[in-house]
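Note sheet for the following structure.
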Amino acid sequence: MPAIDKSQVAELLDEIAILLELKGENVFKSRAYRTAARAIESMPEDLARLVAEDRLDSIAGIGSALRQKITELVTTGRLPYHEELRASFPPGIFDLLQLPGLGPKKVKILHDQLQVSDIDALEAACQDHRVAALAGFGAKTEANLLLGIDQRRHYRGQHRYGDVYALAESLVDDLRQHPDVIRASVAGSLRRGKEVLKDLDLLASSANPAAVMDAFVALPGIERVTNHGETKSSVLFGNGLQCDLRVVSDTEFPYALHHFTGSKEHNVALRQRAIGQGKRLSEWGLFLEPERAKKIEGAELPSGEPTLIVCRTEEEIFADLGLQYVPPELRENLGEIEAAEAGTIPRLVEWTDLKGTFHCHTVASDGRHTLQEMADAAAELGLAYLGIADHSKSSFQANGLSEERLLAQHREIAALNASRDDIRLFTGVECDILKDGVLDFPDEILAACDYVVASVHAGFTAPEEEMTRRVIRAMENPYVTMLGHATGRLLLRREPYAINLEKIIDCAAETGTWIELNANPYRLDMDWRWWRKARDRGVRCVINPDAHGIDDYGYLRVGTQIARKGWLRREDVANTRTLAEITALLQEKRNRR
DNA sequence: GCCGTTTTCGGCCCGACTGTTTTCAGTCG
């Protein structure tokens, strides 16, 4: 039996918490399970050892009942208590909880009174107006639920970049290990760094495609093979992600890679350019077409059959077309071809350019790791500085810090800084922007921080004008260094709140406030479509992981690709600066008042 | 279900917002 790990235990405890809520149990009981889940997840010790030595209840939040259950789970791999709880509800009930406006209480009512056990049943009940007739529900709730169901359908079949790229990399690695594979790469929208994808496209070159295909469809983790051909196969993973692999000859590889990377709009524009030069570009090659060439004024008149213009790489394809190389992230036909022609494609920021980062949480608010652990992991990653930013007091749900706790954390940080020289910690706070744009802490507290992230965490439904005014007012506070997750969106889960980004960018330019590129894969906020404009207005970007644990530093890579997609260069991103430079930059921002 | 105790019970995290209600429950952050 494989050992069950901490995160699996935590996940199971969280599920028990949900089931208890659905049962209508004491809310503090379910909260106790959640607390225990967080405690297990974030404790440094080895779980199996703690169980073996019967020291579980030395952990705060774990008493005798949870000690017994966790011990049973870890030693036997099973927990009948959980299995019985789960068996008392239909599996579709968890989907219902995902709908906005539905919590455990209402789901319980729907389940008990209308026998609604999944999304489809809920939709039918709403359409029959059986839901509105229930006590505590009404016409508006019914309409909102239908809207939520609709939105969910719209999201179905789409995947977040952050949920896909690790799988994609391991698949490409697997392909490269195969003796018959010459070259392999991710293609499609993932390679372009799109924040949301419909499927995953892979490409390989080989002289023996059938062998590569056979190996591909047999890779672990594949749930179903939907297509298994000589040059193209499609498989389905457990999370519903479809993955296509195409295999071509190595000669065709660069053309195919360019073609399957897209975007369609970019490809169309590039093909038109080829035509203008008497050439033809497709997934199979770049050809010189004598018939086309003849029509071009002043062109030499070659004769005979179309001939392949041999390109070993994508770079050579662009070069033959008289263009600078266009990185995949820019291939959206949003001006990249014109820029490549003019030679003005910038050197885009790379994730190895990042020297440090900001906006990281600790156990002081809702993070999973201590200050020390967060610092150690960041140092190990090679970061020279780390900005801490736990929640401010209004974020009760996230255990936001009071003034006193914040200042205590500052002392802790000062002590850590004094004791080590491998990394420098900056004191900071993720300060809530309250209803009218007032910040959650007075200026003297903000002034005591090395930097401040200002974020909206409540009142999402305000009209655009009000929200914009609110955020602008916060940004006008000279102690605010950067704006956190500018639109509050959660990809494939929650739409952004209404806000006028044009005005926010203008305000950032005027006040020198940085705008965060929140690299959390659910957020990737501000959206890449706005960054080029922001950059041109002189607005500084800062790529932050919004880390709630040491594993979240990996988001920085995702965030950097989104920054690239927004045409950002190293100099546009504040945290590419060295420690000395960033220290000066923070000071410079403060001095603007 | 945990915790702490002036210890074996009683408190446990707060407040805005929404939609349902005429005073509040549920959801969300």
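Lettering of chains follows the sequences in order, A, B, ..., and the numbering in each one begins at 1.
- In this structure, A/Asn417 contributes its side chain and A/Leu425 its backbone to a donor-acceptor pair below 3.5 Å.
- Between B/dC2 and B/dT7, the distance separating the two C1' atoms is 14 Å to the nearest Å.
- No contact: A/Leu20 has no heavy atom under 4.0 Å from any strand.
- Atom pair A/Leu22:CG and B/dT27:P shows a separation of 10 Å (rounding to whole Å applied).
- For A/Gln397, the listed nucleotide lying nearest its side chain is B/dG29; candidates were B/dC2, B/dT27, B/dG29.
- Figure legend. B/dC28 is base-paired to B/dG15; pairs are counted as Watson-Crick or G-U wobble with both atom distances under 3.5 Å.
- Residue A/Ala139 is in sugar-phosphate contact alone, with no base atom involved, counting any heavy-atom pair closer than 4.0 Å across all strands shown.
- The line from CH2 of A/Trp514 to CG of A/Asn544 is 9.0 Å long, rounded to the nearest 0.5 Å.
- If you check every strand for non-hydrogen atoms under 4.0 Å, A/Arg494 touches sugar and phosphate atoms only.
- If A/Gly63 and A/Pro100 are placed on DNA chain B by their nearest nucleotide, the residue sitting closer to the 5' end is A/Gly63.
- No side-chain donor-acceptor contact under 3.5 Å links A/Asp163 to the backbone of A/His159.
- Phosphate contact (OP1/OP2 of B/dG1, side-chain N/O of A/Arg31, threshold under 4.0 Å): absent.
- Taking atom P in both B/dG19 and B/dC13, one finds a spacing of 29 Å when rounded to whole Å.
- Regarding A/Lys140, its NZ atom lies at a distance of 21 Å from the P atom of B/dA25, rounded to whole Å.
- When rounded to the nearest whole Å, the span between CG of A/Asn26 and C1' of B/dC12 equals 9 Å.
- Residue A/Lys108 is classed as having no contact, given no heavy-atom separation below 4.0 Å to the nucleic acid.
- Ring stacking holds between A/Phe28 and B/dC12, with the centres under 5.5 Å apart and the planes within 30 degrees of each other.
- For A/Asn144 against B/dG19, no side-chain N or O and base N or O form a donor-acceptor pair under 3.5 Å.
- Between A/Lys29 and the phosphate of B/dC12, there is no side-chain N or O to OP1/OP2 separation shorter than 4.0 Å.
- B/dG26 and B/dT20 have their C1' atoms separated by 10 Å, with the value rounded to a whole Å.
- Nucleotide B/dC2 holds its C1' atom 11 Å from the OH atom of A/Tyr33, rounded to whole Å.
- Between A/Tyr81 and the phosphate of B/dG1, there is a side-chain N or O to OP1/OP2 separation shorter than 4.0 Å.
- Using a cut-off of 4.0 Å between Lys/Arg side-chain N and Asp/Glu carboxylate O, A/Lys23 and A/Glu25 are scored as not salt-bridged.
- Residue A/Ser395 is out of contact with every strand shown, counting any heavy-atom pair closer than 4.0 Å.
- To the nearest angstrom, C1' of B/dC12 lies 15 Å from CZ of A/Arg34.
- A salt bridge is absent between A/Arg469 and A/Glu464: the closest approach of a Lys/Arg side-chain nitrogen to an acidic carboxylate oxygen does not fall below 4.0 angstrom.
- Nucleotides B/dG10 and B/dA16 place their P atoms 30 Å apart, quoted to the nearest Å.
- Residue A/Phe396 has its side chain nearest to B/dG29 when only B/dG29, B/dT20, B/dG1 are considered.
- Across the protein-nucleic acid pair, A/Arg489 atom CZ and B/dG29 atom P stand 16 Å apart, rounded to whole Å.
- Between A/Lys393 and the phosphate of B/dG15, there is no side-chain N or O to OP1/OP2 separation shorter than 4.0 Å.
- As rounded to the nearest Å, B/dT23 and B/dG29 have P atoms that lie 29 Å from one another.
- Between A/His391 atom NE2 and B/dC13 atom P the separation is 17 Å, expressed in whole Å.
- Each of B/dT20, B/dT27, B/dC17 was ranked by its minimum atom distance to the side chain of A/Thr141; first place goes to B/dT20.
- Atom-to-atom, OH of A/Tyr497 to P of B/dG29 comes out at 12 Å; the value is rounded to the nearest Å.
- Using modelled atom types, one finds a donor on one side chain and an acceptor on the other under 3.5 Å when comparing A/Ser392 with A/Asp440.
- In this structure, A/Arg592 does not pair ionically with A/Glu510, as no charged nitrogen and carboxylate oxygen lie closer than 4.0 Å.
- Here A/Ala36 lies out of heavy-atom contact (under 4.0 Å) with every strand.
- Looking at heavy-atom distances under 4.0 Å, A/Leu99 makes contact with sugar-phosphate atoms alone, never a base.
- Remark: the separation of the C1' atoms in B/dT8 and B/dG15 is 33 Å, to the nearest Å.
- Between A/Gly459 and A/Pro104, the residue whose closest nucleotide on DNA chain B is further toward the 5' end is A/Gly459.
- Between B/dT21 and B/dT27, the distance separating the two C1' atoms is 16 Å to the nearest Å.
- Between A/Ser64 and B/dG1 there is no side-chain polar atom (N or O) within less than 4.0 angstrom of OP1 or OP2.
- A distance of about 37 Å separates the C1' atoms of B/dC9 and B/dT22, rounded to the whole Å.
- No engagement by A/Ser30 is indicated, since no non-hydrogen atom pair under 4.0 Å with the nucleic acid exists.
- Salt bridge A/Arg152/A/Asp120: absent, no basic N to carboxylate O contact under 4.0 Å.
- Looking at heavy-atom distances under 4.0 Å, A/Ser394 makes no contact with the nucleic acid at all.
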